[in-house]
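Report on the following structure.
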Amino acid sequence: MKVLVVGANGQIGKHLVQFIQDHDDLQAKAMIRKQEQASYFEDLGAEVALVDLEDDIETIRKAADDVDAVVFTAGSGPHTGKDKTMMIDLDGAVKTIEATKAAGVKRFVMISSFDTTREAIQEAPESFSPYVAAKHYADVWLRDSGLDYTIIHPGRLTNDEGTGKVSLAEQTKPDQVAREDIARVILESLVHDSTIGQEFQVVQGDKEINQAIQSLK
């Protein structure tokens, strides 16, 4: 399975590309924005596609033409304004979904926010609510896309070393989780078709990631 990782140069994306390259049955195609980012992925043996999420759907489709699955891990980051949140976290996600469909690819894994319900938008701090709203509508678009989707809702992300263990369910108590562990959750979601049509929250926990994924019903 060849996997297009959108937002590969992000912290989750870098972990994910490495894990994919270490897997016997998977191959990564890293979608990145700048040529100077390419060497990291080329050193891992991964293919690289230079595409900006603010490009048009057709440009993104070309990157997805020869893959079997797409993972959306991109984000505008905490230091950008509402405009970039709209253009990357919402429109970038929607364009990627549409590009995936146009390329004839069915499998799509979305990294969302921990809680993207309507209530979460209303309750979020003013500075965070545009991000939650963007993720809310991106999630809605994906659910209605007809793709074989999985939506992963991570807790508060940290750069701690992953433990390989999480708590994973449709709803969990808010907590933190290592980006490295989220990358492993993505990997296991890709290789287990039981995650198709599922969405779940993930925080740190005491269950092996493989077991946690297989326990989903």
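- The main-chain N or O of Thr163 is found under 3.5 Å from a side-chain atom of Asp181 such that the two form a donor-acceptor pair.
- None of Ile196, Thr96, Val6, Ile151 except one satisfies the side chain to side chain contact (heavy atoms under 4.5 Å, CB included) rule with Phe108; the exception is Thr96.
- Side-chain atoms of Lys95 do not come within 3.5 Å of backbone N or O of Asp56 as any donor-acceptor pair.
- For Lys2, the NZ atom sits in a packed shell: over 12 heavy atoms of surrounding residues, nucleotides or ligands are nearer than 6.0 Å.
- Listed by chain and residue number, Glu58, Asp65 satisfy the salt bridge (Lys or Arg N to Asp or Glu O under 4.0 Å) test with Arg61 (two or more places apart in sequence, or in another chain).
- Between Gln214 atom CD and Asn210 atom CG the span is 4.5 Å, to the nearest 0.5 Å.
- Sequence neighbours left out, the pairs with a member in residues 170-180 that pass side-chain hydrogen bond (donor to acceptor under 3.5 Å, both in side chains) are Arg156-Gln176, Asn159-Arg179, Asp175-Gln204.
- Between Glu98 and Lys101 there is a salt bridge, with a side-chain nitrogen of the basic residue lying less than 4.0 Å from a carboxylate oxygen of the acidic one.
- For Lys14, there are no side chain to side chain donor-acceptor pair (under 3.5 Å) partners at least two apart in sequence or on another chain.
- Linking ILVMFWY residues whenever their side-chain heavy atoms come closer than 4.5 Å, directly or via other members, places Val191 and Val166 in the same cluster.
- Rounding to the nearest 0.5 Å places CD1 of Ile209 at 9.5 Å from OG of Ser189.
- Distance alone, capped at 3.5 Å, places no donor-acceptor pair between the Thr85 side chain and the Pro130 backbone.
- The side chain to side chain donor-acceptor pair (under 3.5 Å) check on Ser112 picks up Asp139, with sequence neighbours excluded.
- The side-chain hydrogen bond (donor to acceptor under 3.5 Å, both in side chains) pairs that include a residue from residues 23-39 are Lys29-Asp66, where partners are two or more places apart or lie in different chains.
- Within the structure, ring pair (Phe, Tyr, Trp, His ring centres under 6.0 Å) contacts touching residues 144-194 (residues at least two apart or in different chains) do not occur.
- In this structure, Phe114 shares a hydrophobic cluster with Val203, the cluster being traced through Ile, Leu, Val, Met, Phe, Trp and Tyr side chains under 4.5 angstrom apart.
- Here Tyr131 pairs with Phe128 under the ring-ring contact (aromatic ring centres under 6.0 Å, His included) rule; sequence neighbours left out.
- Residues in residues 106-116 take part in no salt bridge (Lys or Arg N to Asp or Glu O under 4.0 Å) pair, two or more places apart or across chains.
- In terms of the salt bridge (Lys or Arg N to Asp or Glu O under 4.0 Å) criterion, Asp160 has no residue partners (sequence neighbours excluded).
- Atom NZ of Lys165 is surrounded by 12 or fewer heavy atoms from other residues, nucleotides or ligands within 6.0 Å.
- Side-chain contact between Thr100 and Ile97 is absent, with no heavy-atom pair separated by less than 4.5 Å.
- Contacts classified as salt bridge (Lys or Arg N to Asp or Glu O under 4.0 Å) and involving residues 190-215 (residues at least two apart or in different chains) are given here: Arg143-Glu199.
- In this structure Glu123 satisfies the salt bridge (Lys or Arg N to Asp or Glu O under 4.0 Å) test with no other residue, sequence neighbours excluded.
- Taken from CG in Leu44 to CD in Gln18, the straight-line distance is 5.5 Å, to the nearest 0.5 Å.
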